[in-house]
Amino acid sequence: MANPEHLAKLQEGIEAWNRWRDENFTEQPDLRYADLRYAHLQGAHLQGAHLHRAHLQGAHLHRAHLHRAHLQGADLQDAHLRYADLQDADLIGADLHRAKLQGADLQDADLQDADLQDAD
């Protein structure tokens with residue numbers, strides 16, 4: 001389950017979230033199983049975040065910082081990940097069906113068993 005404090009901070013908006021991340025850079029956000037469907041998370045600092053099995057269908061993650069994020073089994077169907085930093089991200093078993101990945105940095109990302117059907 002997601003940490004309710006982390007989820008509440010994210011729901012305050014990206015500006016508040018990124019400021020909190022800058023002030024608490026050692027904390028690893030716990031957003032496991034969070035329902036973030038169609039959330040507007042453009043430019044969000046989510047590096048190192050625990051997003052195991054998070055529901056991110058249709059989420060707007062343009063230019064999001066997901067470096068070393070833990071996205072095992074996450075549902076990213078139809079997610080907008082254009083120019084997102086997914087370096088070293090753990091995407092094992094993630095559903096990226098129809099995800100928009102143009103310009104995304106997937107260097108050293110683990111895509112084992114990920115569903116990339118119709119991903120762009």
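By convention here, the first residue in the shown sequence is residue 1.
- Remark: Arg21 engages no residue in a salt bridge (Lys or Arg N to Asp or Glu O under 4.0 Å) (not counting sequence neighbours).
- When all heavy atoms of Ala54 and Leu31 are compared, the closest pair comes out as CB-O, 4.0 Å.
- Annotation: the span from Gln77 atom CD to His97 atom NE2 amounts to 6.0 Å, rounded to 0.5 Å.
- Here the straight-line distance linking atom CG of Asp113 with atom CG of Leu91 works out to 12.0 Å at 0.5 Å rounding.
- Asp115 pairs by the salt bridge (Lys or Arg N to Asp or Glu O under 4.0 Å) definition with nothing, not counting sequence neighbours.
- The structure places CG of Leu96 at 12.0 Å from CG of Asp118, a figure rounded to the nearest 0.5 Å.
- A side chain to side chain donor-acceptor pair (under 3.5 Å) check over residues 53-71, counting only residues at least two apart or in different chains, returns the pairs Gln57-Asp75.
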If you apply the rule side chain to side chain contact (heavy atoms under 4.5 Å, CB included), what do you find for Lys100 with Asp120, and how did you get there?
CA-CA 5 Å; Lys100 309 295 185 270; Asp120 191 12; 4.3 Å; yes
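- Nearest heavy atoms, Ala59 versus Leu36: CB-O, 3.8 Å.
- Cluster annotation: Tyr83 and Leu116 are assigned to distinct hydrophobic clusters (Ile/Leu/Val/Met/Phe/Trp/Tyr, side-chain heavy-atom contacts under 4.5 Å, transitive).
- Every residue meeting the salt bridge (Lys or Arg N to Asp or Glu O under 4.0 Å) condition with Arg98, not counting sequence neighbours, appears here in chain and number order: Asp78.
- For residues 2-15, the pairs satisfying side chain to side chain donor-acceptor pair (under 3.5 Å) are His6-Glu27, Lys9-Glu12, with sequence neighbours left out.
- Rounding to the nearest 0.5 angstrom, the gap separating the CG atom in Asp90 from the CG atom in Leu66 is 12.5 Å.
- In this structure, the separation between CD on Gln72 and CG on Leu51 is 9.5 Å, given to the nearest 0.5 Å.
- Scored by the salt bridge (Lys or Arg N to Asp or Glu O under 4.0 Å) test, Asp35 finds Arg37 as partners (sequence neighbours excluded).
- Shown here for Ala99 and Leu76, the closest heavy-atom pair between the two residues is CB-O, 3.9 Å.
- Nearest heavy-atom pair across Asn18 and Gly43 is ND2-O, 3.1 Å.
- If you take CH2 on Trp17 and CG on Leu46, they are separated by 6.0 Å, rounding to the nearest 0.5 Å.
- Between His45 and Asp22, the shortest heavy-atom contact is ND1-OD1, 3.7 Å.
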